[in-house]
Each structure stands twice: as C-alpha cells, then as structure tokens.
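So the structure is just underneath, and the comments pick up after that.
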Amino acid sequence: MTTPWHQLSRSQLLEATAGLMPFAGLRKYWDLSAEEIYWLIMLRGLPAVLVDGEWRFEQRAIDAWAEDNGGLPAVRAFVRDALDEWRRAREELDGRGAHPALRGGLGPAE
C-alpha cells in the first residue's frame, strides 16, 4: 500500500520528488522568467508540486500540458501578453492615483 503524500516525512517527500525538475531547471528549459512561470502556475494550471518551499515539475507532465495549450510558443505568447496587460492596467491605475500603494510606497493611509 502506498503512503499518502501528506503522511510522508520531510526526508521521504524529498526522496519521492528527487526526480522532478526544480524551478530553475524549468526556467532554463523553457527560457521563461520566474514571474512568467508563476503566472502559468496560477493562471493556466501548469502542473507543479510545491516541495519544501520550491516548485517542482515532472517533465512529461509539463511537456504534455504545453502541447495541450497550443505548444510552447503559444504558452510563451499567452504569458507575455497577460503580463503586458497586467502592467498596463497597473500603470493606468498608478497614473490616475487610484490606489495609494501604487503611488510610490506603502506609507500611512492618507
């Protein structure tokens, strides 16, 4: 019988996930920034496991995920477009002064 992952000790969990690609490995493999990978995990459900505070990836799973999402060029285009849109929206809010946190610091409330 297999032990559920949440019942494994830290050393057992690290041993069980030793073959997974580390975050830095995926950054190099796909030539994406850390921010872009975080967006893919959060917005598009990139298959990842958080192990001891670090995201890890199974290469077969991420390759299949990329193919299901139009291939790596389409994934890169999506994430870069999403980040550009987010940055434009943030700059627009900052320009209007709509949010104190975006006006240059998190000082006391005005």
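Owing to the predicted nature of the structure, the values given are computational and were not obtained by experimental measurement.
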Exercise. Please step through side chain to side chain contact (heavy atoms under 4.5 Å, CB included) for the pair Trp55 and Leu46, ending with a clear verdict.
Key: CA-CA 11 Å; Trp55 289 105; Leu46 177 67; over 6 Å; no

Quiz prompt | Qualifying residue for side-chain contact (heavy atoms from CB on, under 4.5 Å) with Arg44, from Asn69, Val79, Val75 | solution = Asn69

Self-check item: Residue list, ring-ring contact (aromatic ring centres under 6.0 Å, His included) with Trp39, at least two apart or on another chain
Solution: Trp86

Practice problem: Examine Leu50 and Leu20 and state if one hydrophobic cluster contains both, with Ile, Leu, Val, Met, Phe, Trp and Tyr joined whenever side-chain heavy atoms are less than 4.5 Å apart. | Solution: no

Quiz item: Which pair of heavy atoms, one from Ala61 and one from Pro47, lies closest together, and at what distance?
Solution: O-CG, 3.8 Å

Quiz item: Roughly how far apart are Arg56 CZ and Leu26 CG, rounded to 0.5 Å?
Solution: 12.5 Å

Quiz item: Restricting to pairs with a member in residues 59-72, which pass salt bridge (charged side-chain N to carboxylate O under 4.0 Å, His left out), not counting sequence neighbours?
Solution: Glu58-Arg60

Practice problem: Please identify each residue that fulfils side chain to side chain contact (heavy atoms under 4.5 Å, CB included) with Asp84, with sequence neighbours left out. | Solution: Arg87, Arg88

Practice problem: Would you list the pairs meeting ring-ring contact (aromatic ring centres under 6.0 Å, His included) in which at least one residue belongs to residues 57-83, sequence neighbours left out? | Solution: none

Self-check item: Closest non-hydrogen atom pair between Ser33 and Arg27, with its separation
Solution: C-NE, 3.9 Å

Practice problem: Working to the nearest 0.5 Å, report the span between CG of Leu72 and CG of Asp31. | Solution: 9.0 Å

Quiz prompt | Non-neighbouring partners of Arg80 that pass side-chain hydrogen bond (donor to acceptor under 3.5 Å, both in side chains), sequence neighbours left out | solution = Glu36

Quiz prompt | Contacts of type side-chain hydrogen bond (donor to acceptor under 3.5 Å, both in side chains), residue Arg76, not counting sequence neighbours | solution = none

Exercise. Treating Ile, Leu, Val, Met, Phe, Trp and Tyr as nodes and any side-chain heavy-atom pair under 4.5 angstrom as an edge, say whether Leu40 and Met21 lie in one connected cluster.
Key: yes

Practice problem: With rounding to the nearest 0.5 Å, note down the distance linking CH2 in Trp30 to CD1 in Ile62. | Solution: 5.0 Å

Quiz item: Are Ile41 and Val49 connected in the hydrophobic side-chain network, where two residues link if heavy atoms are under 4.5 Å apart?
Solution: no

